K.L.:
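Got a structure here, written out as structure tokens. Questions coming.
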Amino acid sequence: MLDKFVDVQNISMNYHSTNGETEAIKDVSFDIANGEFVSIIGPSGCGKSTLLSIINGLVKPSGGNVFIKGMPMFDMPPGLWQDMKQPSRAEIGYMLQRDCLFEWRSIYENAILGLEIQKKMTERNLAYADELLAQYGLGEFKTYKPSELSGGMRQRVALIRTLSTKPELLLLDEPFSALDYQTRLFIADEVGTILKKEKKTAILVTHDISEAISLSDRIIVLTKRPATIRNIHQISIGTDNRTPMKSREAPEFRKYFNKIWKELDVHV
Amino acid sequence: MYNRDENEICEASDMTPVSAEHKAFLSRLKKRRVLILATQITLLVAFFALWEIAARQRWIEAFIFSQPSRMLTAFINLSTDGILWRHVFTTVWVTIAGFLLGTIIGTVMAALLWWNRFLSSVLAPYMVVLNALPKTALAPILIVWLGNNVKSIIVTALLISVIVSIITILNGFLHVDPEKIKLIETFCGKKSQTLFKLIIPSNIPTIIAAMKINVGLSFVGVIVGEFLVAQAGLGYLIVYGSQIFRMDWVMLSIVILCIMAAVLYQLIVMLERKFMGWMG
């Protein structure tokens, strides 16, 4: 029934400054099915992150609208959706580039920050956060301070902080870019596996082609600023029990990599 | 500062097995620390000893410059009839009141200005001017307005510390990582939640730094206030003593002020350590 979980329609975005107007995103439309993992890839500074903030409802676009389960995120065009229910933003989880853990809180207190803010500190939800911490190897670090953990562990805490509010849709804004290469491979694969297991719909913004291929069902390639859709790739990798690690080893991997590399049109 | 770093090195080393080389390193550190402390104490003792000798040998006029032994006599005399303690107590509580009020009002005002960017932009030039204005110039006006009493002294102390507190703390509030603010927004947090769960907790070190500045400033305000109001307190004792040429009273008061400032500052350093430990 929910074949269009997220429906992005004709989004455009202009930035205003005293120096004038910059067109960041121009007429971008796509949709995402329930349970699908979609990556958005594009040259740096092309407005990928802005697009994610728009889908989350944090930033209002200059034009177009986003529908979550058919409900409009913005009152655009003004007045058209007056009687329609807005989607609940609490059901959208957002993972940022850096872990943003609060240094003065313990790991446990960081993990339940979302529940605390949304006033959902019920016994069941707290138990769920506990369970996630234990499941992903952080059970014994609950009383630790973020500064005592490694970068990879911190990023895992950030993921649990996002997951503990039980979002239906996850937005990942280059969540691995601050990690060193090995940790990054490991955590990206781990997060991909976790999200598959928890059956979440997810949108990942990245500039890392192999990360996108290994994790996604579909990849949306954006052009340079102003961002428009260059191409959309359905990723079908023929391994059973596909995991991010297995995907990297599949023969199709190279094919997709070369195609997307060409489309990104990198000039140094 | 140096002492603290060295302390940390020693504490960290407790966990590792100790090699001979490491032992030598530790004992060198310890020696250095002892040497620094010993030199500090020697300097202090030498200063007072030289002062005493200079006065006894008539190199300086003890009537004008006073001398440690006279200060000690003055201390015993004044403290046995309780006059000294009354003055010390007055200065201490007024300073603490001014300093706490300065910090609390400074933090609240900073929060308000953080909340309302329009207001903070409007007030910015006024804050700059008020910050540069020597606030002690306002003390005589305050006495006219609020009366020749302790209220005027507290307000003087408060005025001196509050503006710089607002500026320092607001600056800290405005420099909180925007990604962390975004994080709260992604959880649909309200602005009040951003303030109480992020902005204020992450700025505890800024607030403590402001407190450190405020202790000194509050003392300035209190002493100036006591000079003018002239009823009680060490400031009053200094003015009165100099008028009747009891320089031993004046010098004694200044020494006591030094000790009080050191104690208050140390209390804040202890508070800071407690919070830093708490913040990991």
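Protein chains get the first letters and strands the later ones, always in sequence-line order, with residue 1 at the start of each. This one's a predicted model, so the numbers in the text were calculated from it and none came from an experiment.
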K.L.:
Does any N or O in the side chain of B:Glu185 come within less than 3.5 Å of the main-chain N or O of A:Leu58, such that one atom is a donor and the other an acceptor?
P.N.:
no
K.L.:
Taking side chain as everything from C-beta outward and backbone as N, CA, C, O, which of these in A:Ser88 sits under 4.5 Å from a heavy atom of chain B? Side chain, backbone, both or neither.
P.N.:
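Nothing of A:Ser88, per the 4.5 Å heavy-atom cut-off to chain B.
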K.L.:
Kindly indicate, with the supporting measurements, whether the criterion side-chain contact (heavy atoms from CB on, under 4.5 Å) is fulfilled by A:Glu103 and B:Ser202.
P.N.:
CA-CA 8 Å; A:Glu103 297 300 336; B:Ser202 69; over 6 Å; no
K.L.:
I'd like to know whether NZ of B:Lys190 has more than 12 heavy-atom contacts from other residues, nucleotides or ligands below 6.0 angstrom.
P.N.:
no
K.L.:
Are more than 12 heavy atoms from other residues, nucleotides or ligands located less than 6.0 Å from atom CZ of B:Arg117?
P.N.:
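Atom CZ in B:Arg117 is packed in, count exceeds 12.
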K.L.:
Relative to chain B, which segment of A:Gln97 carries a heavy atom at a distance below 4.5 Å: side chain, backbone, both, or neither?
P.N.:
both
K.L.:
Could you walk me through whether B:Gln193 and A:Gln118 pass the side-chain contact (heavy atoms from CB on, under 4.5 Å) check?
P.N.:
CA-CA 10 Å; B:Gln193 286 175 316; A:Gln118 296 180 359; over 6 Å; no
K.L.:
Please walk me through it: do B:Leu183 and A:Phe102 pass side-chain contact (heavy atoms from CB on, under 4.5 Å)?
P.N.:
CA-CA 11 Å; B:Leu183 172 75; A:Phe102 291 0; 4.0 Å; yes
K.L.:
So with a 6.0 Å cut-off around CD of A:Glu21, is the heavy-atom count from everything else above 12?
P.N.:
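Correct, the count exceeds 12.
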K.L.:
To check you understand the geometry: which heavy-atom pair defines the closest contact between B:Lys182 and A:Tyr94, and what is its length?
P.N.:
NZ-OH, 3.2 Å
K.L.:
With a 4.5 angstrom heavy-atom cut-off, which part of A:Asp173 approaches chain B: side chain, backbone, both or neither?
P.N.:
side chain
K.L.:
Quick check against the 3.5 Å criterion: does A:Arg98 have a side-chain atom that pairs as donor or acceptor with the backbone of B:Lys180?
P.N.:
no
K.L.:
With a 4.5 angstrom heavy-atom cut-off, could you sort out which part of B:Glu179 is near chain A: side chain, backbone, both or neither?
P.N.:
both
K.L.:
For A:Tyr144, I'd like to know if atom OH has over 12 heavy atoms of other residues, nucleotides or ligands within 6.0 Å.
P.N.:
no
K.L.:
Write down the atom of A:Ile117, the atom of B:Cys188, and the distance for their closest heavy-atom approach.
P.N.:
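Looks like CG2-C, 4.4 Å.
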K.L.:
Tell me, for A:Ile92 versus chain B, whether the close heavy atoms (under 4.5 Å) come from the side chain, the backbone, both or neither.
P.N.:
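Just the backbone, heavy atoms under 4.5 Å.
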K.L.:
Please classify the contact between A:Leu171 and chain B as side chain, backbone, both or neither, with a heavy-atom cut-off of under 4.5 Å.
P.N.:
neither
K.L.:
More than 12 heavy atoms of other residues, nucleotides or ligands under 6.0 Å from NZ of B:Lys212: is that the case?
P.N.:
yes
K.L.:
Within this structure, what is the CH2-CG distance for the pair A:Trp104 and B:Leu198, rounded to the nearest 0.5 Å?
P.N.:
5.0 Å
K.L.:
Test side-chain contact (heavy atoms from CB on, under 4.5 Å) on B:Phe187 and A:Arg161 and set out the steps.
P.N.:
CA-CA 10 Å; B:Phe187 286 124; A:Arg161 181 181 59 199; 3.7 Å; yes
